[in-house]
Enquirer: 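Mind looking over this structure? Questions follow.
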Amino acid sequence: MAEKYDSKTLDKKWQQKWADDKLYEVKDNDPRPKWYALTMFPYTSGDLHIGHWYNYVPADVSARYKRMRGFNVLHPMGFDAFGLPAENAAIKRGIHPNTWTMQNIDNMRRQLKSIGGIYDWNREVITCLPEYYKWTQWFFTKLFEHDLAYHGKAPVNWCPKCQVVLANEQVENGKCWRCESEVVRRDLEQWLLRITRYADELMVHEGIDWPERIKIMQRNWVGKSYGTEISFALDHPGVTEKEIRIFTTRPDTVYGVTFMALAPEHPLVARLTTPEHKAEVEAYIARCRQFTEIERLSTEKEKDGVFTGAYCINRLNGKKVPIWIADYVLSSYGTGGVMAVPAHDERDFAFAKKYNIPIPVVISPPDWDGKELEVAYIEPGKMVNSAQFNGLPSEKGIEAVSIYLEEKGWGKRTVSYKIRDWLISRQRYWGPPIPMIHCPKCGIVAVPEKDLPVMLPETADFRPTGESPLKYNEKFINTTCPRCGGPAKRETDTLDGFMCSCWYFLRYCSPHYDKAAFDPKAVKHWLPVDIYTGGAEHAVMHLLYTRFFIKAIRDMGLVDFGEPFTKLFNQGIIIADHQKMSKSKGNVVNPDVYVSDLGADTVRAYLMFLGPWDQGGEWDDSGISGMSRWLNRVWNLALDEYSSKGSGGDEELVRLTHQTIKKVTEDVERLHFNTMVAALMEFSNYLGKVKESGSASVKEWKTSVKALLLMLAPTAPHLAEEIWQKLGYAYSIHNQRWPDWDESLTKTEEITLVIQVNGKLRERVTVPASISAEEAKKLAADQDKVKPFLEGKQVVNIIYVPGKLVNIVVK
RNA sequence: GCCGAAGUGGCGGAAUGGCAGACGCGGCGGUCUCAAAAACCGUUGAGGGGUAACUCUCGUGCCGGUUCGAAUCCGGCCUUCGGCACCA
């Protein structure tokens, strides 16, 4: 009997040796083809739960497999280290965000090392270190230089008592979570990135292999719609503008307009409102401000609004159209105003009903009786009450009306997008300071590269209001203008953490390079990323931001590709108690316990065996002992003395070995790890039987065990390495080639032919693989178990699927 | 409301037009043991018939369709999960 399998000592022993030997060190100048396997780096929340392992283990297995297939694999790891939780910890517990974050990193790095991954820790990237955020800031100045970053007004949640911006989560029932003052919507000066400039390109996912649903989510988020901008004539005392322009996708309904609806924030509102409506309008606007954006946009909320007292003219029919303001109109979409056609739009319909505004039909439903509509009719139909367009199908009318408007100069076809510019400034401490200087003479000036990074001051006075301590740090604020040398003030906002994660995968390529954000040679070598794995929750945040960022720096000539991630794979989520794991819910499952109990390999294999990787599921450890048992069996199987009693079983053993190599290779290529592990189990079960009977020669036995170990190496790296060494093979198993299979050896000379009658299984016979169709059909009808089902029936057809089955169809 | 994914034994799941339930957990029976645990071996979808080897019927959320043949393809519905949600 071989020595017992002891996972604990093996984990430590090999992790130490691999580190000492720099086994997983990645070099750029390596003749092998490159493979960049990226996995989303963790946020430094404190500790990794089992869900993180579910993300990282299969990614590591896949990367290890590629390594064994002869690729020079870059599979790096780092930490997304800037963000709000660090600052909240500071406010709550008086611990400095930097201390909190770096402690968390130490713990998480320890955990990550216990997985036994192939991370090259020399390439670790931490976004909150000055050597990293220097370049995050540098990128920001580049974006500013290229007019992709700008300072402008954006609506935010504002607490007037605390004098602070609140995140949506910090607003409870319209009140500040700290002081319970009424929260107000306010337009504040913010920094934004012009992601909208890339809207069209972001909708296209050409040449990249991404999950369909992520592509759909991104396209919906960008939300491109084709429509027409229509000018309504305006003649209002004291207003210089002679028109109101609106965007519509339904110009065919323009003859049914019975009111205009402007967003409360629309710039014309104040000037259009007549004196007798002023009080009402102002009260309404004030009330709107009390809603958060989320509440205001809720479909639950009843649509309401007020009349301004002003009118404009529908140029197509000369009708006078009352101008209302309504909070269902968004100031940030289209032109901030809509032409309301209540008969053919659900929202306008509800509004018109409430305020008794007429609802004339201009698109006739198929069997319309001329009566008033009960609900808005939004489907296509025939145009009616629309002057020269009457009788035209509405789909055609869209174009016809648009062309007419263009001819008259009353409108033009255009496109509109749902996506907004990316609000990137945060009134917070724990982020990269936005490297901008406000000079009273020169205006906004970027901090030049030589003065970067703009260091985050260490001493910080954290206020219970959640305000950025930077705002009150005189030493930080006061500076000189890089252009005129005069006194100036620093920007005190910091950058959104998502800006840091836009380029971390570039930094991995040359993490210690100090002349630029990255060494262009290294990035040219490694990028784009061959496979990116991570959660789908980033579909319209990180993944969209990053695509924008890369396209932007491509256009600056910094990189020569526009899509950073060639293939994207979203793993599923491990849940506990039917919900996502999170500290606040207290349902996090700590992997450390399992690792110290059962060893990393068991936990690795178990996570992969749970089910399809993209599916995730409820965490349940009831089966993990089975995985432990299996690895034990493999240990004994490989290390116990094998005594052969002949070579009669060689043929079958060789065949099963090659079949398994084929199956396992195909599964790992497709990231089907659960069936890959199952195939390895089946194979080892079979080897157990061979060992029992001694039916194969020692030579074939050894070859098969070797193949099993090589295929097991990515999944159970410690166990495989130990057995490999004990069997006397050369260190390290992880530098070996993945086994190949010979297709001809996977085939059998005899096959099992399935015989069906009317599609129902009736018999199985073993026949030579070379059997002809005629023979097979004849044989099938001759079977004793088949005959009774043919008796008294007429055979109408016989289907033969070569190598598989015969189906006799009877009547 | 709209978009997307998924529904298979007691449980996780396998099979994506051809033997439903691979592999594992759990259960049951056994070996070992004074006994138990561990380990190992056998068995395990439901229902029926047979002393038995065995054998038949039903069965992949529900209803219908296509096909020689459907878990798999098509249409309709139900349920669960994820995303978006007044975008004119």
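Remember, predicted model here, so these are calculated numbers, not experimental data.
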Enquirer: Would you verify whether the NZ or CZ of A/R420 falls within 45 degrees of the ring axis of A/W221 while also being under 6.0 Å from that six-membered ring's centre?
Expert: no
Enquirer: Name the nucleic acid region contacted by A/N632, choosing base, sugar-phosphate or nothing; use a 4.0 angstrom heavy-atom cut-off, strictly under.
Expert: nothing
Enquirer: Counting side-chain heavy atoms from C-beta on, which of B/G18, B/A20, B/G24 comes nearest to A/I799?
Expert: B/G18
Enquirer: Are a donor atom and an acceptor atom from the side chains of A/S402 and A/E399 found within less than 3.5 Å of each other?
Expert: no
Enquirer: Looking at residues 656-677 of chain A, who's got a heavy atom less than 4.0 Å off RNA chain B?
Expert: A/N674, A/T675
Enquirer: From the list B/A22, B/A88, B/A20, which nucleotide is the closest neighbour of the side chain of A/L761?
Expert: B/A20
Enquirer: Which nucleotide, B/C25, B/C58, B/C3, lies nearest any side-chain atom of A/N220?
Expert: B/C3
Enquirer: Just compare B/C23, B/G4, B/C68 and give me whichever is closest to any side-chain atom of A/N807.
Expert: B/C68
Enquirer: If we call it a pair only when both distances are under 3.5 Å in a Watson-Crick or G-U wobble match, what pairs with B/G24?
Expert: B/C11
Enquirer: What does A/I216 touch in the nucleic acid at a heavy-atom separation under 4.0 angstrom: a base, only the sugar-phosphate, or nothing?
Expert: sugar-phosphate
Enquirer: Please tell me whether A/W630 and A/S684 have a donor and an acceptor in their side chains that are separated by less than 3.5 angstrom.
Expert: yes
Enquirer: When the distance from CE of A/M711 to P of B/C23 is rounded to whole Å, what number comes out?
Expert: 17 Å
Enquirer: How would you label the contact of A/V809 with the nucleic acid (heavy atoms, under 4.0 Å): base, sugar-phosphate, or nothing?
Expert: sugar-phosphate
Enquirer: Within the structure shown, what part of the strands sits under 4.0 Å from A/S416 by heavy-atom distance: base, sugar-phosphate, or nothing?
Expert: nothing
Enquirer: Whole angstroms only, please: what is the CD-P distance between A/E537 and B/C81?
Expert: 18 Å
Enquirer: Is it the case that A/R315 places NZ or CZ above or below the six-membered ring of A/F232, under 6.0 angstrom from the centre and within 45 degrees of the axis?
Expert: no
Enquirer: Is there a side-chain contact between A/R629 and the phosphate of B/G26, meaning an N or O under 4.0 Å from OP1 or OP2?
Expert: yes
Enquirer: With a 4.0 Å cut-off on heavy atoms, is A/L805 in touch with a base, just the backbone sugar-phosphate, or nothing at all?
Expert: base
Enquirer: Classify A/G626 by what it touches in the nucleic acid, base, sugar-phosphate, or nothing, heavy-atom distance under 4.0 Å.
Expert: sugar-phosphate
Enquirer: Is it the case that A/S704 and A/T657 place a side-chain donor and acceptor less than 3.5 Å from each other?
Expert: yes
Enquirer: Can you name the atoms? Protein N/O to nucleotides 52-56 of chain B N/O, anything below 3.5 Å, with the distance.
Expert:
unit_1	atom_1	unit_2	atom_2	d
B/U55	OP1	A/K785	NZ	2.6

Enquirer: Name the pairing partner of B/G29, where a pair is Watson-Crick or G-U wobble with both distances under 3.5 Å, or state none.
Expert: B/C41
Enquirer: Heavy atoms only, 4.0 Å cut-off, all strands: where does A/E682 land among base, sugar-phosphate and nothing?
Expert: sugar-phosphate
Enquirer: Write down the partner of B/U72 under the Watson-Crick or G-U wobble criteria, each distance required to be under 3.5 Å.
Expert: none
Enquirer: Taking the minimum atom-to-atom distance to the side chain of A/R633, which one of B/C40, B/G4, B/C86 wins?
Expert: B/C40
Enquirer: Looking at A/E212 and A/K215, does any basic side-chain N land under 4.0 Å from a carboxylate oxygen?
Expert: yes
Enquirer: Give A/Q615 one of three labels, base, sugar-phosphate or nothing, depending on what nucleic acid heavy atoms sit under 4.0 Å from its own.
Expert: sugar-phosphate
Enquirer: By nearest heavy atom, map A/N758 and A/V754 onto RNA chain B; which one lands nearer the 5' end?
Expert: A/V754
Enquirer: Where does B/G45 land, syn or anti, given syn is within 90° of 0?
Expert: anti
